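Bear in mind the structure is a predicted one, so any value in this text is a computation, not a measurement. One-based numbering along the sequence shown.
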Amino acid sequence: MSFSSNVRLKSFLLSLVLFFLISFGYYLHVLSETEGHYVYLIDDAYIHLAMAKNFALYDVWGITKYEFSSTSSSPLFTYLLSILIKLFGNNDQLPLYCNSILGIGIIYILNRYYADFFKNTNNRVIAVLFTVFFAVLHLQLLLGMEHVFHVFLLVVNIFCLSNLKNRAFVFGFYSSLLLMGLIRFESMFYFVSLAFVLVLMKKWKEAVAILLVGFIPIAIFCYVNYQHSGYLFPNSVVVKGTKLTFDSGFPLHLKTIMVDNFLLNKSFYKIGFFPVMLCLIFILRDFKKKNFHDTVKSNFLLIVLSLVMICHSMFADLKGAFRYEAYILTGFSMALIPKVSGLFKDFWHYIKKEKLISVLVLINTFLLLYKFSFAHLMLDNGGKNIYEQQIQSARFLHTYYNTSKVVANDIGAITYFTNIHLLDIVGLGSKEMIPFNENKKTVDQDFENFLRDYTQHNKYDIAVIYDEWFHGHVPKTWKKAAVLKISNSMNVSQDEVSVYSVNPEHLEQLKENIRQFGWNKNVRVIIIN
């Protein structure tokens with residue numbers, strides 16, 4: 001084995017061991033609080049599992065086995081899980097295993113990528129670990145969601161982008177683009193930014209190729225989705241995304257996008273502002289020395305990722321365990337670390353020479369520590385919270401209402417572990433509710449009236465909901481049976497879940513079922529008299 005190969009193997013193994021030691025430590029901690037079975041830190045992970053289960057076992061693309069519902073915001077990840085369920089059986093740990101394999105792939109590719117910039121093992125390990133922890137990858141892995149896959153594809157894409165003279169890397173570049181859009185629809189920002197910067201360089205063919213490869217799979221999905229649901233995108237994208245329409249509401253929508261989502265968005269300043277500032281300094285420096293074309297070429301990734309960050313802030317979401325922006329933070333690290341390689345090679349000389357850049361690097365390091373501490377809080381209580389609230393609710397429904405009609409707002413665990421018929425008040429699992437939730441609408445009297453009439457007409461049995469989400473608009477015909485309360489809530493929206501009898505005639509039976517059920521000892525059950 002050559003010296004360079006030995007260094008590469010050593011740095012890969014060292015990075016891998018350190019990353020997975022931390023991840024495994026948190027995994028064991030969650031097990032200690034969830035009676036020995038790993039529980040994901042957010043309920044959304046079970047949405048993927050529920051859809052994958054229904055597609056694998058019943059050939060239904062839906063949150064329940066009874067009808068189509070475009071609930072998954074990551075069609076490709078859900079489809080991958082459905083294949084794994086067909087091959088290995090219905091196992092709720094499959095997302096964890098899948099993410100672990102992808103995590104190994106990320107560290108391997110990052111190690112190869114940084115090998116071009118650092119010959120020293122320690123420097124390479126620091127670069128890899130900074131990248132994965134800047135994106136809080138250990139948290140993403142344990143969430144059991146699609147974000148590790150998204151990061152993996154971006155890492156592959158950037159690595160191949162830096163080696164496009166080789167045909168194999170050209171294939172890898174376009175293949176990763178092809179898959180990326182169906183893992184997360186925010187990848188569209190990346191496609192458009194890549195194409196825009198290539199147009200600035202007058203590389204029209206490459207720009208068109210990227211747009212075609214990136215958007216054709218999305219267009220096919222949108223066509224199929226529209227045939228079934230009447231919407232182009234999954235319900236979650238329709239409900240949570242920011243919509244820009246050219247009607248009478250255009251000024252307000254524009255103000256929301258430009259001011260609320262971007263200029264006054266605290267999350268942008270905590271997450272994206274300082275990496276963008278660091279990119280801007282390098283771009284402006286080169287602009288003073290080089291012509292426009294050469295400046296764009298030498299700062300290609302910096303420009304692309306800064307545009308992606310801005311677009312993401314304006315049109316998507318910058319919260320939720322840093323998971324939505326994990327791919328951008330990974331990209332920033334891959335673009336900026338080579339630019340500050342002198343900091344690794346001669347630390348004291350570099351900080352004396354580059355004071356402003358060193359300050360911004362320090363701020364970004366503080367951001368890493370901030371995100372790491374936030375991730376710690378989620379990992380400390382997250383699995384416990386979901387186990388005590390969503391999993392206990394699912395167990396109760398499975399015992400007494402396994403095939404009943406249920407109204408709910410957190411829909412992952414209760415649909416994965418049961419066979420209920422669902423009305424999701426948020427609209428992720430029920431398209432009937434989308435008009436009341438899209439474009440960040442607030443709950444009103446029309447919402448209450450529709451919910452009352454719809455649940456009566458369709459003979460729904462019970463509701464398991466957060467009262468606070470209704471803002472006083474819980475239908476008056478529903479009768480509250482109990483409140484389920486947990487403590488130290490971190491990863492759930494509210495610490496109290498209310499259980500209602502939608503059919504008042506069944507109220508006393510519901511109360512008796514709640515009394516008889518063996519709730520977890522940390523769930524405080526309050527029966528309403």
So does Phe171 have more than 12 non-hydrogen atoms from other groups sitting under 6.0 Å from CZ?
no
A cation-pi test, strictly: NZ or CZ of Lys371 under 6.0 Å from the centre of the six-membered ring of Phe133 and no more than 45 degrees from its axis. Yes or no?
no
From the list Lys480, Arg524, Lys485, salt bridge (Lys or Arg N to Asp or Glu O under 4.0 Å) partner of Glu496 resolves to Lys485
Any side-chain heavy-atom pair from Met433 and Asp424 closer than 4.5 angstrom?
-> no
When Phe221, Phe185, Phe191, Tyr190 are each screened for ring-ring contact (aromatic ring centres under 6.0 Å, His included) with Phe215, the one that passes is Phe191
ask   = Around atom OH of Tyr58, are there more than 12 heavy atoms of other residues, nucleotides or ligands at under 6.0 Å?
value = yes
Applying ring pair (Phe, Tyr, Trp, His ring centres under 6.0 Å) to His376 and not counting sequence neighbours gives Tyr26
query = Looking at side-chain heavy atoms only, is the closest gap between Ile216 and Ile220 below 4.5 Å?
reply = yes
Less than 4.5 Å apart, side chain to side chain, heavy atoms only: is that true for Ile83 and Tyr79?
yes
Do Tyr97 and Phe88 come within less than 4.5 Å of each other through their side chains, counting heavy atoms only?
no
Under 3.5 Å, is there a donor-acceptor pair linking the side chains of Asp467 and Ser498?
yes
*asked:* Checking side-chain polar atoms at under 3.5 Å, does Ser69 have a donor or acceptor matched by the opposite partner on Thr71?
replied: yes
- Query: Any side-chain heavy atom of His48 sitting closer than 4.5 Å to one from Met145?
  - Reply: yes
| query | Side chains of Tyr46 and Asp410: is there a donor and an acceptor less than 3.5 Å apart? | reply | no
Exercise. Decide yes or no for Asn437 and Ile425: does some side-chain heavy atom of the first lie under 4.5 Å from some side-chain heavy atom of the second?
Key: no
If you count the non-hydrogen atoms of other residues, nucleotides and ligands that lie under 6.0 Å from CD in Glu505, is the total more than 12?
no
Practice task
Give a yes or no on whether Phe196 atom CZ has more than 12 heavy-atom contacts from other residues, nucleotides or ligands under 6.0 Å away.
Solution key: no
- Is it the case that Tyr416 and Asp43 place a side-chain donor and acceptor less than 3.5 Å from each other? no
*Could you tell me whether Phe417 and His398 have their ring centroids closer than 6.0 angstrom?*
no
If you count every heavy atom of other residues, nucleotides or ligands that lies below 6.0 Å from Lys266 atom NZ, does the total exceed 12?
no
- [ ] Check whether any side-chain heavy atom of Asn225 lies under 4.5 Å from a side-chain heavy atom of Leu232, and answer yes or no.
- [x] no
Do the side chains of Glu388 and Lys384 get close enough for a salt bridge, i.e. N-O under 4.0 angstrom? yes
ask   = Looking just at side-chain N and O atoms, do Arg184 and Ser73 make a donor-acceptor pair shorter than 3.5 Å?
value = yes
Does any donor atom in the side chain of Tyr324 or His150 lie under 3.5 Å from an acceptor atom in the other side chain? no
Sorted by chain and residue number, the ring pair (Phe, Tyr, Trp, His ring centres under 6.0 Å) partners of Phe268 (sequence neighbours excluded) come out as Phe262
ask   = Is the backbone of Arg323 close enough, under 3.5 Å, to the side chain of His147 for a donor and an acceptor to pair up by distance?
value = yes
